[in-house]
Amino acid sequence: MDHFDRIWVNVHLATMTPDATERGEIRDGALAVRDGRIAWIGRRADLPDMPVMEVHDGAGAWLLPGLIDCHTHAVFAGDRCGEFEERLEGVPYVDIARRGGGIRRTVEATRAADLEALVALARPRLARLLAEGVTTVEIKSGYGLETQAELRMLRAARALQRAADMSVVTSFLGAHAFPVDLPRADYVDLVCGPMLDAVAAEGLADAVDGFCEGIAFSPAETERVFQAARAKGLPVKLHADQLSDTGGAALAARFGALSCDHLEYTSEAGVRAMAEAGTVAVVLPGAFYMLREKQLPPIDLFRRHGVPMAVATDANPGSSPMLSPLLAMNMACILFGLTPYEALQGMTVYAARALGLEKDRGTLEVGKRADLTLWRISRPAELCYWLGFGDRLLVERVVAGRPSAATRRGLG
Ligand code: DI6
Ligand code: FE
C-alpha cells in the first residue's frame with residue numbers, strides 16, 4: 001500500500017463493530033479509503049504518513065457506516081390511503097385483506113404499471129432514504145403475483161441499482177399473497193415452479209421471501225417455497241409471526257433463514273430456533289405503528305438468546321408508508337424499547353447480516369466497502385432523537401469510497 005485515495009480527518013468515528021468496546025467510538029479519528037474500500041481506521045494521531053489524493057476535513061462531524069434498510073417494498077404503484085381512512089374508521093387490516101383489499105389492491109395497480117413507471121415511482125422514495133444516509137436498500141417483489149409482473153418489479157429494482165447512488169439487494173416475494181385469478185394450490189405451484197425458475201434464470205433475486213400468516217401463506221405452503229428456494233441455492237427470509245403466532249420464525253430458522261421479520265407474536269421456542277440458526281430478527285416498528293398493534297416483539301428474549309436485531313422501514317403502501325430510516329430507529333427505541341445504540345446497530349452491522357453482506361459492509365473496518373455517512377451530531381444517539389430532521393443532520397454520504405454529490409453540503 002503506497003497511497004490513500006481519500007482520507008477523512010477531524011472526525012469522530014462510530015465503527016459499529018459488534019465486539020467493540022466503548023460502542024466502537026473513536027474520538028478525533030481518521031479514516032482512509034483506497035480502491036473503494038476502507039484502507040485504514042484509527043486515531044488521527046496514529047494515521048500513517050502516506051501520500052493522499054484528497055483530504056476531507058470533517059469539522060468535528062461523526063463518521064458512521066452507511067445505513068442499510070434491509071426490508072422494503074419500495075417498488076409498487078398506487079397508494080392505499082383509502083384503506084388508511086377505513087382502518088381509522090374501525091375496519092381491521094385483516095378484514096380489508098379478506099375482502100380483497102390490502103395487498104391485492106396494490107397488485108392491481110402494480111400489474112397495470114410498466115417497467116418505466118415502476119422505476120419512476122420508486123425513484124423519489126429511494127431519494128428520501130438516500131437523503132437520510134442509506135447506502136444499501138433491500139427491495140422485494142410481491143405485488144405482481146403473476147410471473148411477468150413479479151419479474152417486472154425485480155427488473156425495476158435492478159434498474160434502480162443502476163440509476164440510484166446506492167446498492168440495491170432484491171428479494172423474490174411471490175409468496176406474499178394469493179391472486180384472485182388462480183386457485184390457491186395452483187398459485188403455490190406457480191411460485192415454486194415457473195415463477196422462481198424465471199426469476200433465478202435472470203438472476204433477479206438475491207433471496208426468497210414469504211409472508212407466513214393466516215391471511216397469506218400457511219406454514220406448509222411456506223415450506224414448499226423454501227424447498228424450491230433451496231433447490232436454486234437461494235437464501236430465504238420470512239415475514240413471520242406479524243399478526244399471529246404461526247410458528248413462522250421456527251420454520252424459517254430450520255431453513256437457515258437470513259432473517260425473520262416483524263415477529264410480534266414469536267414465542268420463546270421461535271426465538272431459540274433463530275438463535276441456533278444465526279437468524280437475524282428484523283423489527284419493523286413502522287408497520288406496528290401504522291396498524292396500531294398492541295403486541296410487542298419479544299425484544300428481551302432476542303437479547304437473552306443473543307439474536308441480533310435489525311431495524312428497517314418496511315416501506316410499503318399498506319402497513320408502513322414510511323421512508324425515513326431515522327424515524328424507524330426512533331420508533332424502534334420509543335415503541336420497542338431498543339437502546340439508541342441497538343437501533344444504530346440494527347441499521348448498520350445487523351442489517352448487513354440480515355442481507356448476508358456482513359463480510360462486505362455494515363461496519364467501519366479495514367477491507368470493508370467504504371460506504372460511509374458523515375453527520376453533524378453531538379453523539380451517535382442523536383440519529384435516533386430528532387423527528388423529521390434527519391436530512392439536515394447528514395453532511396455527506398460516501399458510496400464505495402466516492403463522496404456522493406447529491407448530499408454534499410459544504411464541509412468545514
Ligand atoms: N407485511 C407487511 O408489512 C407488508 N407485507 C407483509 O407481508 C405489507 C403489505 C401490504 O399491506 O401491502
Ligand atoms: Fe414487509
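Indexing begins at 1, ligand by ligand and atom by atom, following the structure's order.
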For atom 2 (C) of ligand 1, the closest protein heavy atom turns out to be S319 OG, 3.4 Å
Scanning both residues in full, the closest heavy-atom pair of E132 with W375 reads O-CH2, 3.2 Å
Ranked by distance from atom 5 (N) of ligand 1, the top protein heavy atom is H176 NE2, 2.8 Å
Under 4.0 Å from one or more heavy atoms of H73, ligand 1 contributes atoms 4 (C), 5 (N)
Going by the 4.0 angstrom heavy-atom rule, the piece of E213 near ligand 1 is neither
If we number the atoms of ligand 1 from 1 as shown, the ones under 4.0 Å from a heavy atom of I103 are 9 (C), 10 (C), 11 (O), 12 (O)
Within 4.0 Å of some non-hydrogen atom of Q242, the atoms of ligand 1 are 1 (N), 2 (C), 3 (O)
F211 heavy atoms within 4.0 Å reach ligand 1 at atoms 7 (O)
Q. Would Y143 count as a contact of ligand 1 if the rule is a heavy atom under 4.0 Å away?
A. yes
* Asked: OH of Y341: more than 12 outside heavy atoms within 6.0 angstrom?
  -> yes
The reported gap from CG in D209 to OG in S259 (rounded to nearest 0.5 angstrom) is 7.0 Å
Between D314 atom OD1 and H239 atom NE2, the angle centred on the Fe ion (ligand 2) rounds (to 10°) to 170°
Heavy-atom nearest pair, C384 first then L344, reads SG-CG, 4.3 Å
If you scan protein heavy atoms around atom 11 (O) of ligand 1, the nearest is Y93 OH, 2.4 Å
Counting heavy atoms under 4.0 Å, the part of D314 that contacts ligand 1 is side chain
Looking at H73, the N/O/S atom that lies nearest to the Fe ion (ligand 2) is called NE2
key: Contact check: T106 vs ligand 1, nitrogen or oxygen atoms, below 3.5 angstrom   = no
